[in-house]
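Reading through the C-alpha cells given below for one structure.
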Amino acid sequence: MSAHPIPNWSPAAIVFDCDGTLMDTERHWQDARNRVFAEFGLKPPPGFAERAQGVHYTECGSLMARETGKPELTYEMTQSLLMHFMTLVDEDPVTMPGAAALVGLTARHMPLAVASNCPREMVESCLRRAGLLGHFDHVVVAGGSLRPKPRPDVYAEAAERCGVRPHEALAVEDSLTGIESARRAGLRVVGVGPRPSGRGAERADLWVDALNDPALVAWAHTWIADAGPPVA
C-alpha cells in the first residue's frame, strides 16, 4: 500500500537503484558480510546490517574493519566482501517482486537508467542474467570522478545521460542512502520495500511495499499515456 498520495506528475526518465530495488541482493550482501566476519573470526556489531544497507562496498569493508577494532584488515575484508558477494549473486540472481514487469512496461516509452554503488561488472551481470539489462539505456556506477551514494553524483549523471533535467526524472530506491543521493541530485523519489524508521523516509515522494503495488502500477500507466507512442 502506498504511504503517500500519488503525485500528480509524470517523469521524463526513470533511474532505478539495483541492489534491493531491481535485484534481491540485500540478502546476498548480508550473507557475504557474515561470511567475512566468520572468515576473520569476528562477530557482527549490533545493528550493523542496518548501518551497512546501501553503503558502497569499499565503505562497508572499512566500516566492518573499524567497528570490529581491526582497521588494519580494511583492504583484506573489503576484497573478501566483494568476492563472497559476487559468488552468491552468480549462484542465485533473483529480481524483486514487480521489478521486471515495471521495467518492461516503461522501457519503450522513456529512457531508463540504473544508478548504483556496486561495481559495473556486478550490476551488468545481475541484470543480464535476470533478462533486464537490454531495457536500460545507461548503467551508471560509482567510481572515478563519480562519488558513491549518498553523494548525488550517480543520479545527476544518470539524469544527464538520459537527456533530462534532474527534476524531470524519477528515482526508484530502497535505502535511505540512495534516497538522500537522489534528492541531493534533484530527482523525485519512490521508496520501495519495508519503510525504514526515522525521518529520512519522508524524503521520498511515495513509499510502496513493492514495485507491483497497484497504486504504483496505475501511476506508471499515466506516465506511459503522457509519454506518447513507444520509442522505436
Is any side-chain heavy atom of [X] closer than 4.5 Å to a side-chain heavy atom of [Y]?
X	Y	value
E160	P166	no
M64	L42	no
C18	L127	yes
Y155	E173	yes
V139	S116	no
L102	L216	yes
M96	V192	no
W29	C60	no

Interatomic distance, [X] atom [atom1] to [Y] atom [atom2] [nearest 0.5 angstrom]:
X	Y	atom1	atom2	result
S145	D153	OG	CG	7.5 Å
H28	C126	NE2	SG	7.5 Å
M77	H84	CE	NE2	10.0 Å
D137	R161	CG	CZ	11.5 Å
Q30	N34	CD	CG	4.5 Å
S181	D17	OG	CG	9.5 Å

Are [Y] and [X] connected into the same hydrophobic cluster when the rule is that any two of I, L, V, M, F, W, Y join if their side-chain heavy atoms are below 4.5 Å apart?
X	Y	value
M122	F16	yes
Y57	L22	yes
L73	L63	yes
V103	V172	yes
V89	V141	yes

- More than 12 heavy atoms from other groups under 6.0 Å of CD on E72: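 Yes, because the 6.0 Å sphere around CD of E72 holds more than 12 heavy atoms from other groups.
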- Message: Quick one, R33 with E26, criterion salt bridge (charged side-chain N to carboxylate O under 4.0 Å, His left out). Give me CA distance, side-chain angles, the key distance, then yes/no.
- Response: CA-CA 10 Å; R33 291 191 293 263; E26 185 53 39; 3.1 Å; yes
Nearest atoms (heavy-atom pairs only) where [X] meets [Y]:
X	Y	answer
T25	D19	OG1-OD1, 2.7 Å
H109	I224	CE1-CG2, 3.3 Å
G200	L176	C-CD2, 3.6 Å
A142	V154	N-CG1, 3.7 Å
G178	K149	CA-CD, 3.9 Å
T68	K43	CG2-O, 3.8 Å

Whether [X] side chain and [Y] backbone form a donor-acceptor pair below 3.5 Å:
X	Y	value
T74	S62	no
H138	A113	no
R188	D205	no

- Under 30°, 30 to 60°, or over 60°: which ring-plane class applies to W9 and W219, parallel, tilted or perpendicular?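 Because their plane-to-plane angle lies in the 30° to 60° range, the rings of W9 and W219 count as tilted.
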- Query: Got a sec, which pairs hit side-chain hydrogen bond (donor to acceptor under 3.5 Å, both in side chains) with one end in residues 91-101, sequence neighbours left out?
  - Reply: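 Pairs touching residues 91-101 that pass the test: R27-D92.
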- Residue pair L105, H221: steps toward the side-chain contact (heavy atoms from CB on, under 4.5 Å) verdict: CA-CA 8 Å; L105 180 68; H221 280 283; 3.8 Å; yes
- Task: Starting from the C-alpha separation in whole Å, work towards a yes-or-no answer on side-chain contact (heavy atoms from CB on, under 4.5 Å) for V123 and F136.
- Result: CA-CA 12 Å; V123 173; F136 290 96; over 6 Å; no
- Message: Given L206, which partner from the list V189, V190, D213 fulfils the side chain to side chain contact (heavy atoms under 4.5 Å, CB included) test?
- Response: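 Among V189, V190, D213, the one that satisfies the side chain to side chain contact (heavy atoms under 4.5 Å, CB included) with L206 is V190.
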- Query: Of the options R66, R151, R51, which is the one that meets E59 in a salt bridge (Lys or Arg N to Asp or Glu O under 4.0 Å)?
  - Reply: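 Passing option: R151.
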- Could you check R35 against E39 for salt bridge (charged side-chain N to carboxylate O under 4.0 Å, His left out), going step by step and ending with a plain yes or no? CA-CA 6 Å; R35 289 188 181 190; E39 180 181 331; over 6 Å; no
